[in-house]
Student: 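This structure is in structure tokens; I'll ask about it shortly.
A note on names: the letters A, B, ... follow the listed sequences, proteins ahead of strands, and every chain is numbered from 1. Treat the numbers as computed from the prediction; the structure is a model and nothing was measured.
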Protein chains: 2
Amino acid sequence: MTKVLAREPSRKLPEPAPVRHRLRGHERRAEILAAATKVFHRKGYEAASLQDIADELGIRKASLFYYFPSKEELLHEVLASIIARGIANLRRIMEVPADPLTVLWRLIAGHILHLCEYLEETAVFLHERKSIPAEKRHTVLADDHTYQNHFVETIREGQAAGLIRSDVDAKLAALSVLGSANWTYTWFRRGGSMKPEVIGEQFATMSVNGLASEKALEIWRKPSLSEAVSPSTARR
Amino acid sequence: MTKVLAREPSRKLPEPAPVRHRLRGHERRAEILAAATKVFHRKGYEAASLQDIADELGIRKASLFYYFPSKEELLHEVLASIIARGIANLRRIMEVPADPLTVLWRLIAGHILHLCEYLEETAVFLHERKSIPAEKRHTVLADDHTYQNHFVETIREGQAAGLIRSDVDAKLAALSVLGSANWTYTWFRRGGSMKPEVIGEQFATMSVNGLASEKALEIWRKPSLSEAVSPSTARR
DNA sequence: CCTACCGATCGGTAGG
DNA sequence: CCTACCGATCGGTAGG
């Protein structure tokens, strides 16, 4: 109704209804990204077609190109968005002061809670990271490196403090810890018998026990999940 | 030369040169599977085309259908072959008697050595397992289950012997251990600075330390890589 | 957001 | 193993 008052109909618009689009466009963009995430997760990036995504939304395939220039760009935005969220999650955890072993425990548990909450996005990230071509890959891989570095540095600090065995390679240890946590995307199911909190707690404890020095094993006690890692602090 | 003596040339063969094919066919099949593994690994199953595989071999795409009925079957054989090899590897390791903690250590180290030796095959297996449609998936997933069960059972035995903490869930522990080891396929590079032996030894040690009970931490000493896990015992 | 369309490529078949 | 070919679908464009 308002649109009748807003302006007279013009025969040929040079651009499609700009005012209506500019406002709704962002919502539609978000909806398209959500649909793309879903389809990429279900079928894999390569097997997913733009037609699948359009069907998910009840629009025409060609309409997607009004919002995104290419399928690759769609993937890129999904990846860039979830890794940014992940980094923010880690930073929030590291803001709370604690000894390196406790920080590491929280990073692992927080990583897993985040993964389970954003399962589709994270699965697409971990599974399709390499499908994105060279140019756009740089920023995403740099962010990924930043993410992993938080684990490596925390492990190094643990070694400096004598809390983590000095005979392990910090990078290798981070890859082990992250691998065990990341792998969760391959088997975790929402509503299944394994609760994210249980997985996070057990995985973090196993990893920390695997790295702790003898001295640390005597004095260190595992923290509780609710401090600093609670999913409610990671609300959208 | 022998083929001139073997039979006269016939104008129109009802089937393509049967004798020559039956012998060479198995070699060609193996070559095609090797090429498919390479291409699936490089581009991913969905992005890989039969044309890519044919190009790798210098033959025509249509010729592939003389040996394999479909692209899916190609994938299926790659997957079935590597998981069978993996199970054989685990069985070989478990033949050598030892306490459950030592067996677990060897399973992990042996798993990683195997993964690094058959990197392309294993990467395709771990990355594309789900790309294979329902019918053919059953046997492969059953084998996968068998594989994982060796880890779960060994952990349960460790718990029964008081060597592994009783407060961990054996399945969850196996998923953690296997995740850390499997993840290697995403970052390991042949000829890189990380040697398979070092990765295997460190990962196995970290995982076992992460699960060992206090009692076990006092008495258990990690085995050497050469006993029972040596890659030379896993020759093709 | 739509209709209409395109060139390229896909897995696969016929027939030898 | 090859030539010749096919229907379907792909990502993407023109133009509104």
Side-chain angles (χ1 to χ4, degrees), chain A residues 3 9-33 35-36 39-40 43-77 128 131-133 136, chain B residues 3 9-33 35-36 39-40 43-77 128 131-133 136:
Chain A
K3 90 180 162 194
S10 57
R11 299 278 156 74
K12 292 188 174 188
L13 296 170
E15 291 188 353
V19 176
R20 251 176 66 226
H21 268 111
R22 203 151 309 160
L23 267 179
R24 298 261 199 100
H26 288 99
E27 290 169 32
R28 210 24 156 181
R29 257 185 82 90
E31 280 179 26
I32 293 172
L33 284 172
V39 177
F40 290 164
K43 306 186 115 186
Y45 172 71
E46 289 290 345
S49 71
L50 294 175
Q51 188 63 59
D52 295 327
I53 297 171
D55 289 349
E56 188 80 26
L57 295 160
I59 63 176
R60 301 285 165 178
K61 180 183 68 164
S63 304
L64 297 171
F65 290 91
Y66 177 80
Y67 298 95
F68 295 93
S70 67
K71 188 187 176 189
E72 276 174 11
E73 180 58 24
L74 225 31
L75 175 62
H76 178 252
E77 295 210 21
E128 314 288 359
S131 306
I132 195 171
K136 293 178 179 172
Chain B
K3 90 181 162 194
S10 56
R11 298 279 155 76
K12 292 188 178 189
L13 297 170
E15 290 188 353
V19 176
R20 251 174 65 225
H21 268 112
R22 202 152 306 160
L23 268 178
R24 297 258 200 102
H26 287 100
E27 291 170 29
R28 210 23 156 183
R29 258 184 83 91
E31 280 178 27
I32 292 171
L33 283 173
V39 177
F40 290 164
K43 306 186 117 187
Y45 172 71
E46 288 291 345
S49 71
L50 295 174
Q51 189 62 60
D52 294 328
I53 297 171
D55 288 350
E56 189 80 25
L57 295 160
I59 64 176
R60 302 284 165 178
K61 180 184 66 166
S63 304
L64 296 171
F65 290 92
Y66 177 80
Y67 298 95
F68 295 93
S70 67
K71 189 188 176 189
E72 275 174 12
E73 180 57 24
L74 225 31
L75 175 61
H76 178 253
E77 294 211 19
E128 315 287 0
S131 305
I132 196 170
K136 294 179 178 174

Student: Tell me: OH of B:Tyr66 to C1' of C:dA14, nearest whole Å?
Tutor: 16 Å
Student: Please state how far atom CG in A:Leu57 lies from atom P in C:dC2, giving the value in whole angstrom units.
Tutor: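 Result: 10 Å.
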Student: Base, sugar-phosphate, or nothing: which does B:Ser49 touch, judged by heavy atoms less than 4.0 Å apart?
Tutor: sugar-phosphate
Student: Checking the side chain of A:Glu128 only, and the main-chain atoms of A:Tyr45 only, is there a donor and an acceptor separated by less than 3.5 Å?
Tutor: yes
Student: Find the partner of C:dG16: check Watson-Crick (N1-N3 plus N6-O4 or O6-N4) and G-U wobble (N1-O2, O6-N3) distances, both under 3.5 Å, and reply none if neither fits.
Tutor: D:dC1
Student: Just how far, in rounded Å, is C1' of D:dC5 from CG of B:Leu50?
Tutor: 16 Å
Student: Would you find a donor on one side and an acceptor on the other, under 3.5 Å apart, between the side chain of B:Lys43 and the backbone of B:Ser49?
Tutor: no
Student: To the nearest Å, how far apart are B:Lys61 NZ and C:dA8 C1'?
Tutor: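 My rounded result for the distance is 12 Å.
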Student: Using 0.5 Å steps for rounding, measure from the CD1 atom of B:Ile32 to the CD1 atom of B:Ile59.
Tutor: 5.0 Å
Student: Any N or O donor-acceptor pair under 3.5 Å from the base of D:dG12 to the side chain of A:Lys71?
Tutor: no
Student: Between P on C:dC6 and CZ on A:Phe65, what's the gap in Å once rounded to a whole number?
Tutor: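 Spelled out: CZ on A:Phe65 to P on C:dC6 is 17 Å.
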Student: For B:Ala62 and for A:Ala62, find the nucleotide of DNA chain C with the closest heavy atom, then tell me which residue's nucleotide is more 5'.
Tutor: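 Whichever sits nearer the 5' end wins; that is A:Ala62.
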Student: Could you give the CZ-to-P distance, from B:Arg60 to D:dT3, as a whole number of Å?
Tutor: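 In whole Å, D:dT3 P lies 4 Å from B:Arg60 CZ.
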Student: What distance do B:Arg29 atom CZ and B:Leu64 atom CG have between them, rounded to the nearest 0.5 Å?
Tutor: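 So the CZ of B:Arg29 and the CG of B:Leu64 are separated by 11.5 Å.
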Student: Return the value, rounded to whole Å, for the distance between atom CZ of B:Phe68 and atom P of C:dG11.
Tutor: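 For the pair B:Phe68 CZ and C:dG11 P, the rounded distance is 15 Å.
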Student: Report yes if some heavy atom in the side chain of A:Phe40 is under 4.5 Å from a heavy atom in the side chain of A:Lys71; otherwise report no.
Tutor: yes
Student: Whole-Å distance between D:dA8 C1' and A:Gln51 CD?
Tutor: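 In whole Å, D:dA8 C1' lies 13 Å from A:Gln51 CD.
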Student: Any base atoms under 4.0 Å from A:Ala48, or only sugar-phosphate, or nothing? Heavy atoms, all strands.
Tutor: sugar-phosphate
Student: Nearest to the side chain of A:Ser63, which nucleotide is it out of C:dC2, D:dC2, C:dT13?
Tutor: C:dC2
